[in-house]
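To start, the structure under review is shown below, and the notes come after it.
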Amino acid sequence: MAIAYISEKGPTRVDNQDAVGAFYNQSGEALVIVADGVASNPGSKQASQIVVETLGSAWQKKNMTDPESVKDWLVHQAALANRAILLAGQKNPRVNNMATTVVLAACLPGKILVANAGDSRAYLLRGKSAELLTFDHTLRNEIKRDSGQIYDENLPEAYSLTRYLGVNQKVDLEWTTFVPKKDDWLYLTSDGLAKVLSIEDQVKLLQPGRHRPGNEPPLGSVLDLTERIRALMKAANARQAPDNITALLVTDLMNPNQQMAAKAFADVRQIPDNNQEMPQRTGRQN
């Protein structure tokens, strides 16, 4: 399994409110996370970091592979992360409404668990196609799903979030699972890229499963993934992305040996204010 990610503030934002990380538990299973602080709520940069740090640090200490146990555990940990955000806000009233989206995936033997709250997304890249695995929790989408009616785009708050971590006591993750096939790639991203690049454009730039012209690293390796993500970031910046931009790729999803080199662990508490690039690779494989 190879994992790589890059997070940038983008050309128009003064700081990066996205957070991203990849972590392995004691059983060797990977947990990947992207969180996007809600820009309109002061302090949300801290909220996104709390989510990634809380879930990632706790995951590293666990030893579990059973999907139902992992799901129950992640639900509990998301609640703890939400509580940590609320407590941080209580200590500093200036940021007591900080909030963040989250999308995560637990890569277990033979099954991938995906969950999200908000509009950060997960995609299954299979060949030239991209299957959306998550639901954007916005007022517009919720109304359409619940009633079948189309939200009037002229009315305010069409794209306001209906689910997130922070502000409220309740955490409501939406879940999906899939069984990976050979050559499948997993793609997580905050909503910044989608504001300037369609998913079709993103897939063309990533070119999953194909050798990119002039690309020397082995297909699907960490360096290969990093080059693909850099091309994506370059295109988004060229189009003046109005938001932070974050992308994470995972390959070799069927590999049961998922050990990460110790030097590849990211300490999210030390995420720089501008950009974050942390390619990660597997260690010894048996």
Side-chain angles (χ1 to χ4, degrees), residues 3-22 32-49 51-52 98-105 116-123 125 130 132-141 153 157-161 163-165 185-208 212 224-250 266 268 271-279:
I3 303 172
Y5 57 75
I6 300 176
S7 185
E8 297 184 0
K9 68 180 182 64
T12 62
R13 290 293 179 88
V14 297
D15 65 355
N16 191 355
Q17 296 190 339
D18 288 358
V20 56
V32 291
I33 314 167
V34 170
D36 180 0
V38 179
S40 58
N41 295 32
S44 292
K45 175 181 177 179
Q46 182 181 355
S48 64
Q49 293 176 354
V51 170
V52 174
M98 60 182 175
T100 182
T101 71
V102 66
V103 59
L104 60 85
N116 81 301
D119 57 3
S120 294
R121 295 178 173 181
Y123 290 92
L125 304 185
L132 181 62
L133 300 170
T134 51
F135 181 84
D136 285 359
H137 298 116
T138 63
L139 182 60
R140 174 184 182 274
N141 285 352
E153 299 292 349
E157 308 301 328
Y159 292 94
S160 62
L161 296 177
R163 300 191 198 185
Y164 42 79
L165 273 68
W185 290 13
L186 180 65
Y187 174 43
L188 271 59
T189 177
S190 61
D191 71 327
L193 285 165
K195 292 176 179 177
V196 290
L197 294 169
S198 68
I199 186 57
E200 291 78 15
D201 289 336
Q202 294 175 55
V203 171
K204 287 179 182 178
L205 288 162
L206 292 173
Q207 295 181 306
R212 299 175 66 246
D224 175 46
L225 298 183
T226 302
E227 288 191 12
R228 294 168 191 268
I229 298 173
R230 282 178 179 156
L232 195 64
M233 296 291 160
K234 182 178 179 180
N237 282 314
R239 298 192 183 189
Q240 294 297 302
D243 200 352
N244 307 142
I245 46 179
T246 298
L248 180 151
L249 282 174
V250 187
V268 296
I271 292 175
D273 288 344
N274 49 3
N275 300 333
Q276 180 186 1
E277 180 175 327
M278 185 64 186

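Position 1 is the first residue of the sequence, and the numbers go up from there.
Leu125 has its side chain within reach of Leu249: a pair of non-hydrogen atoms, C-beta onward, lies under 4.5 Å apart. Proximity of Leu232 to Leu193: side-chain heavy atoms (C-beta onward) are separated by under 4.5 Å at one or more points. Between Thr138 and Leu161 there is a side-chain heavy-atom pair separated by less than 4.5 Å. Looking at heavy atoms from C-beta onward, Tyr5 lies out of side-chain contact with Val34 at the 4.5 angstrom threshold. Contact check for Ser190 versus Val20: no side-chain heavy atoms found under the 4.5 Å cut-off. Looking only at side-chain heavy atoms (C-beta outward), Phe135 and Asn141 come within less than 4.5 Å of each other. For the pair Ile6 and Arg230, the minimum side-chain heavy-atom distance is below 4.5 Å.
In this structure Ala235 satisfies the side chain to side chain contact (heavy atoms under 4.5 Å, CB included) test together with Leu197, Leu205, sequence neighbours excluded. Considering only residues two or more places apart in sequence or on other chains, Asp224 meets the side chain to side chain donor-acceptor pair (under 3.5 Å) condition with Asn215, Arg228. Partners of Gln202 under the side chain to side chain donor-acceptor pair (under 3.5 Å) rule, at least two apart in sequence or in another chain, are Tyr187. Applying the salt bridge (Lys or Arg N to Asp or Glu O under 4.0 Å) rule to Asp119 yields no partners; only residues at least two apart in sequence or on another chain are considered. Contacts of Asn41 classified as side chain to side chain donor-acceptor pair (under 3.5 Å), with partners at least two apart in sequence or in another chain: none. For Ala231, the side chain to side chain contact (heavy atoms under 4.5 Å, CB included) partners are Arg212, not counting sequence neighbours. With sequence neighbours excluded, the residues forming a side chain to side chain donor-acceptor pair (under 3.5 Å) with Thr101 are Ser120, listed by chain and number.
Atom CG in Leu206 sits 7.0 Å away from atom CD1 in Ile229 (nearest 0.5 Å). Between the CG atom in Asn116 and the CG atom in Leu133 there is a gap of 9.5 Å [rounded to 0.5 Å]. Atom NZ of residue Lys45 and atom OG1 of residue Thr100 lie 13.0 Å apart, to the nearest 0.5 angstrom. Residue Leu188 holds its CG atom at 9.5 Å from CD1 of Ile33, rounded to the nearest 0.5 Å.
Classification of Arg13 and Asp243 as a salt-bridged pair holds, one side-chain N sitting under 4.0 Å from a carboxylate O.
Here the closest heavy-atom approach between residue Thr12 and residue Ala241 is recorded as OG1-O, 3.2 Å. Here the closest heavy-atom approach between residue Pro208 and residue Val203 is recorded as CD-O, 3.5 Å. Across all non-hydrogen atoms, the minimal contact from Ala122 to Thr134 is N-OG1, 3.2 Å. Taking every heavy atom of both residues into account, Leu186 and Ala105 meet most closely at CD2-CB, 3.6 Å. For the residue pair Ser48 and Gly37, the shortest heavy atom distance occurs at CB-N, 3.8 Å. The nearest pair of heavy atoms linking Ile199 to Ala130 is CG1-CB, 3.8 Å.
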For a side chain to side chain contact (heavy atoms under 4.5 Å, CB included) check, start with the C-alpha distance between Ile245 and Met233, then their side-chain angles and the critical distance, and finish with the verdict.
CA-CA 7 Å; Ile245 46 179; Met233 296 291 160; 3.5 Å; yes

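Between the side chains of Thr246 and Asp18, at least one donor N or O sits under 3.5 Å from an acceptor N or O. Using modelled atom types, one finds no donor on one side chain facing an acceptor on the other under 3.5 Å when comparing Asn16 with Glu8.
Put simply, the side chain of Ser44 gets close to the backbone of Ala99: a donor and an acceptor are under 3.5 Å apart. Put simply, the side chain of His137 never gets that close to the backbone of Arg163: no donor and acceptor are under 3.5 Å apart.
Here the options are Asp36, Asp191, Asp136, the test is salt bridge (Lys or Arg N to Asp or Glu O under 4.0 Å), and the partner is Arg121; only Asp136 passes.
The salt bridge (Lys or Arg N to Asp or Glu O under 4.0 Å) analysis of residues 197-207, with sequence neighbours excluded, yields the pairs Asp201-Arg239.
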